[in-house]
Structure formats: C-alpha cells, structure tokens
There are 2 protein chains.
Amino acid sequence: MSTLKEVAKHAGVSISTASRVINGKEYVSTEARQKVTRAIRELDYQPNLIAQSLVKGRETRQLGILVYDISNSYFAEITMAFEAVAYQHDYTVILCNTAEGTRTLKYLDMFMQRQIDGVAIIGSQLETEEISRLQLLLQRGVPIAMAREKGWLLNPLLDVLDNQTGIVEFDTSEGARMAIDYLVSQGHRRIGGLFTVERDRLWDDPRAQGFRQALEKNGLQINEDLMVADLKTSQSGGFLGMSKLIHQKIGCTAVFAYNDEVAIGALAHCRQAGIRVPEELSIVSMDDTEHSLYTNPPLTSVRIPRREQGEFLAEYLLARVRGKNPPSRFSLPVYLTLRQSVSQVPNNHDLGRV
Amino acid sequence: MSTLKEVAKHAGVSISTASRVINGKEYVSTEARQKVTRAIRELDYQPNLIAQSLVKGRETRQLGILVYDISNSYFAEITMAFEAVAYQHDYTVILCNTAEGTRTLKYLDMFMQRQIDGVAIIGSQLETEEISRLQLLLQRGVPIAMAREKGWLLNPLLDVLDNQTGIVEFDTSEGARMAIDYLVSQGHRRIGGLFTVERDRLWDDPRAQGFRQALEKNGLQINEDLMVADLKTSQSGGFLGMSKLIHQKIGCTAVFAYNDEVAIGALAHCRQAGIRVPEELSIVSMDDTEHSLYTNPPLTSVRIPRREQGEFLAEYLLARVRGKNPPSRFSLPVYLTLRQSVSQVPNNHDLGRV
DNA sequence: GTATTATCTGGCAACGTTTGCAAGGTCAAT
DNA sequence: ATTGACCTTGCAAACGTTGCCAGATAATAC
C-alpha cells in the first residue's frame, strides 16, 4: 500500500513537495512535478483519504442517508438521485435501511463516529432519543436534511431542529383531497380507503386527513368501517386491505390507496375476486411511481416527485458543507395523474358491488 | 467535538488509560474506569473512527457495494440483505449505482482511497480497466465478492481474479430452459423472446442461450425475428419489446421475458393492445420478484434468490476481513414458480394471434 | 526481610496526511 | 555589489487514536 512517503522517496523529493504536487498547488518546479507524477504512476499511488480526513478535521466526503425501505421504488428513486448528486461532487453515500427495528439510533451514532459530512433522512419517523442524537449532530456542525410529508403531528422536539435543517416537503393531504375530489367528480359517493397507520392514530396521517376533509367538503359522510388501517406498506398490505374492505359488505365504488404498492396489491386482490377495475371499482393511489404506468389498468395516482427530493437533499447538504447558506425549505407540488383506474359511476348506480 | 484527550483530562487520567477503558481492556482500576465512564457520558464522547482506522491500518469497517440499478427491486432486495448483514457486524455500506455511464472505475478508486474493507459487485459487467483496478484492490488485500450469472462470455482477464474472489452464481440458462420446457409442455410451439443485450451479442446472454437450447432440444426451430433484442431492462423496455414483437406479424403463442420488469411492461402492452393473457398469449419471465405475485395475471417466473445473494456477499467479505478462509463459491438453485400467466394451447391452435 | 509477580499507569512513537514556517535559491532592479 | 521579491524546498507539528514500553505500586512467595 504505497504511501506518500514512498512516492516522495521514489521521486527523490520531500514529502511536502509530493503532497504539493498531488494537491495541484503552486510553487513546485516542473521538474519536481514530473518526477512525482511519474512516481505516482509507477507505484499506483492512491492518497489515503482516511489520513486526509483526519488532518483536515471534518471533510470525510461522505453523506449518510437513512431511508425507510430501499426495496420500495419510491425510496429507491430518491436514493438514486441523492447518490447521483453526491457522486458528481466526489462524495460517497452510506446507505441505511431503517425499516426493521430501531436501527436509526445506532446508525446516527455510527455517523458521528465516522465524522460524516451530512445526513439525509427519508421516511423514518423519529423517536425522542433519535431526535436528541440529531441535535448533537447539529451541534457538532453536521448538516441535516429531511424529506417529509406536511401535516404529520410531529414530536414537539423536532421544532427545535426545524430551522436548523433542510426540509423538502410535500402536501399529501392536499394530494389525497385532489384524488377524492376527482372520484367525487366522477360520481363516486361511497369511497373506501386503505391506510398504513395504526387505527387509533388514523387521523395523524395527512393522507387520511385529506381523505376525510375532501369527503366532508363534498357533503359525504365518513364511515370508518370503509377505512382499513394498519396495513403493511407493500403489495401484500394492499392485497390484505382489499380483502378486508370486501368483507365489510358495505358497498363502495371507489378506493383510495395509501400508495402505489398498496394499490397494486389491491388490484391483484380485485382480479382474484373477479372484480373488474375500473368498471366495478375505481382505484386511486399516491406516489405515481413507474409501476403505476404498467399496472392493469394503469393507476390514476397522485404524483409525489422523487428525483427532486433526492436532489434537494444532497444539494442542500453539499452547500452547507461548503459553508454556504442555501434555502432550507423546499415545497414540492403534488398533482394528480389521470390514467385508467377510475371510471364514472352511472347516476343510478348508488351501491357499489364491493 | 470532544476527543479522547478531553475525556482523559476531564477524568483526571492519562490518554492511555482512557483509551483502555473505551476498548474494554484489562489492567484498569475500577476507580479509573468509573471516572472515565462518567467523563464519556458527560462529554457525549464518541470515538473518532477515522483516527482509529488510521492507526489500525485497514479496519475502516466499511464495505462497498456496486449495484447496477438500485431502483430495480431485484437489486434492491440483494442490497437490503447485504446491508442487514453488514449492520449486524457494525459495518457500514457505501452504495454505488453503476447503471449510468462509467462510474465503476471512479468508484473503485474511491474505495481504494477510503481504505475500504471489502467490495461487492452485482450486475455490472466489467471492462478491462475496471478489472485491473480490481486486481490492484486484491493485491492490497481487499476481498472482493461478486454475484453473477453462469454462462456469460467473460473477459478473459477475469479468470485471474476468479479464484481470489467470492462468487455466488446461478444458472439463468438453466432457468430459461426450464421456462421454455414448461411452455412447450403446455403445447406452445411458437415462442417469442424479449432480451436486453444488443442484437449482435445476443448469444452471449445465457438466458438467450437457454432459450435456444430448450427450443432445439424440443425440436423447434429458432426464428430470430421472434427474438427482440436491445431492450431497456425495465418496464418501458418490455412495453416497447412487446410492441415490436406484435409488429413482426409472426404469430406466437407465448413469450419469454428477460425479467419481471420486462414482463410487466409486456403485460401492459398486451392489455393496451387488447391481447388477453394468458388466454391468447402466455408469458414467462425471470427473477420472481414480489411484483410477479401482484401482476394481472400473476407471472410464472423463474426464481433467482435475492436475499441469499446479498447475504453470501456480505458474509464472505466479513469472513475474509476476519482473516478466515470461507468457501468462495456458492451456487444458487433456480426454479420455476408457476402462476397464472401461462395457459395450455389447444391442439389445433397452431398459429398464435400475436 | 528480599525477590518475584501481578496490576495499574503514563509517556511516546506511530499511522499518512496537510500546512505553516524558515532556509536557501534565482533573478531583476537598484 | 546589494537589496528585495519571488520561487522552491524540506522540516516539523499537528489531527485522534492505539499499543508498546517502562515505571510505580501492591500483592504474593520464599
């Protein structure tokens, strides 16, 4: 493992000179420069970033990203965009999956120990202890950026962090309202919902809030039996949710799904149960991932931009690392992408089959 | 950013003693131990892993993973399993997406500079220059592990690496044969294929090889017009591929898709073109990701285990880091999962509609 | 009592860099 | 010739750890 010392020796110059060449500094004779360059090539020298980081204080050129579930393409695409930006700036990304158990806390500690340059958080709700770790990180000058849904009832401790972190947010409550409004405009009156929060915290979920608000606004009554909660955020969750909804024996003509994955599962269950979508049942969902284009039928879904999230997070952190003061707030618009999973309800069709 | 020195001072002991406490070494009085422990708590001390790595030589406790496309759930699941194992051993994972452009080379250099402890490679084919970088890595004692398909015509340079790296492999050619055999057993005689390699390298792809072999074995002739090549490995690729196949105007009753993503795209195109699957056209694919369960109809697909790949890669690297000599070869079985995307062809039904 | 061993502690060099500083050059202007 | 400005170079101190070594003290054995 060739070191700078070896390079210097091989080139017949001092370590300082070799260092200057490597860092492209001025005040080096062309002769010395050539000798060092050759030595570097001949020895396959690669600078030791560990030693560099140590002497430079911070500057490990590493960003950490806490993501809830990388196997969900929504998160995967955010992560990809994040990584792409980091790569362009010669930064490296440490990936942390936080779905199972309580990994977050340990990961945050690891970040501190690794003298990481910045931390991005996507899709994990934070416990009190984790927040205090984040505060420690901030105190030590490590920038933090988060992606989050507007409207969640946040741990009040988060307020302290609020104006010290970069935040990209999007209004899923508004998105849900748009989706429901659209369903109503198509004549739907009995609309079911598939949610992933626990039942007793149902109204904490902004998507559920939007769902409710839109129904109320349109003068429809809320029937909590039509709202399935506590599902896994996955296709299997949607599958199960749909079956539960059917067992309710309360007809609905449309279903709002928490996200595309859930909707895909729901779609699969409909198919198995012989329910035609959208003829007999309309479905809307959220995220608008690539999948929603290729389902049968393609899903009408609320678009939550993903690439933009990843890019904002990375760019914010990198700007902070450079000592700049970038805008710390970024609001992403959401909008409804119409496809074929929703159909109009005939006027006389009051009770859905489902 | 409290340092060990500060801890020592605060506790009224020497740095060495503080260090001993932190590393749980013997020969420390309980009194000293208590004082140091308290100082650590009061100062929120976290050891600086950068400094530790520097003095310990290697031991950065970081693994790098080069993965072709993290937004593909096949790769994502391998990555998740890899990360989970790393996490359990207090290792951190550097994520590198290699799909766009020539990132691999630069990433390998970054790995060297970061004194990484091990490298896993999934789904990227390696150029000559990249291989020589890998050799350098190996020379420097960095273990390497790869996941790969049997049967690819490999860069002969790879042979040199072969017995120095951990390799988990699976026979997709065999998988393709199983899939085709099954189609034939269901009476299919004209079978199309959707592939992602370039046309002129078509027979390099083991899946194409298996496709061909199975047809030949069953006495069916190969019609290259029924084999679409050069598709993107994505839903959009499958969508496009299916449309090309239809335009061939050569009827086929079944289609073999390169993987689930491609199959999902193909399915979507069928739907749009009004072709019923499996009644009018059967589809088989490979990977057997979670998606294949929830498509309409659920896909018959060749299972390529994912979690096992990620776990093997991580465990191999970690064992090597520990100086052990783990088995360096691991063959994963593939098998066909039957679902509803294939139907039997009536005896008299010779020409397919597609 | 001394010798031997076990336990505890602090000093110091090392890991591979960067960087401030001072010393030694060269060269043009005086 | 002398001055000063500017290049070029190497020395040495840092960065935060670990781990060897040598003292110091306490405990045990004779």
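Quick note: numbers below take in every heavy atom, side chains included, and nothing from hydrogens, waters or symmetry partners. Naming: A, B, ... by sequence-line order, numbering from 1 per chain.
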Quiz item: Does a salt bridge link Glu308(B) with Arg306(B), judged by any charged N lying under 4.0 Å from a carboxylate O?
Solution: no

Quiz item: Are Asp109(A) and Arg133(A) ion-paired here, with the side-chain N under 4.0 Å from a carboxylate O?
Solution: yes

Exercise. Figure out the CD/P separation between Glu59(B) and dG19(D), and round it to whole Å.
Key: 10 Å

Self-check item: Salt-bridge present (Asp162(B), Arg329(B); N to O < 4.0 Å)
Solution: yes

Quiz item: With a 4.5 Å heavy-atom cut-off, do Arg140(B) and Met112(B) have their side chains touching?
Solution: yes

Self-check item: Smallest separation among heavy atoms of Val168(B) and Phe312(B), with atom names
Solution: CB-CD2, 3.5 Å

Quiz item: Counting just side-chain N and O atoms, does Tyr27(A) come under 4.0 Å of either OP1 or OP2 of dC7(D)?
Solution: yes

Practice problem: Find the bend of the helix from dG1(C)-dC30(D) to dT30(C)-dA1(D) as the angle between its two terminal axes (five pairs each), to the nearest 10°. | Solution: 60°

Quiz item: Just how far, in rounded Å, is C1' of dG16(D) from CE of Met112(A)?
Solution: 16 Å

Self-check item: SB check Arg103(A) Glu83(B) (cutoff 4.0 Å)
Solution: yes

Quiz item: Taking the six-membered ring for Trp, are the ring centroids of Tyr316(B) and Phe330(B) within less than 6.0 Å of each other?
Solution: no

Quiz prompt | Residues Ile122(B), Met146(B); criterion side-chain contact (heavy atoms from CB on, under 4.5 Å); working and verdict | solution = CA-CA 6 Å; Ile122(B) 307 167; Met146(B) 309 196 260; over 6 Å; no

Quiz item: Does Ser29(B) make a side-chain N or O approach to OP1 or OP2 of dT9(C) shorter than 4.0 Å?
Solution: yes

Quiz prompt | Nearest-Å distance for atom pair CZ/C1', residues Arg33(B) and dT7(C) | solution = 12 Å

Quiz item: Atom CG of Leu49(B) and atom P of dC15(D): how far apart are they, to the nearest Å?
Solution: 19 Å

Close N or O pairs between protein and nucleotides 16-18 of chain C (under 3.5 Å):
residue : atom : partner  : partner atom : Å
dT17(C) : OP1  : Tyr45(A) : OH           : 2.7
dT17(C) : OP1  : Asn48(A) : N            : 3.2
dT17(C) : OP2  : Leu4(A)  : N            : 2.6
dT17(C) : O5'  : Tyr45(A) : OH           : 3.3
dT18(C) : OP1  : Asn23(A) : OD1          : 3.3
dT18(C) : OP1  : Asn23(A) : ND2          : 3.2
dT18(C) : OP1  : Gln52(A) : NE2          : 3.2
dT18(C) : OP2  : Ser19(A) : OG           : 2.6
dT18(C) : OP2  : Asn23(A) : ND2          : 3.4

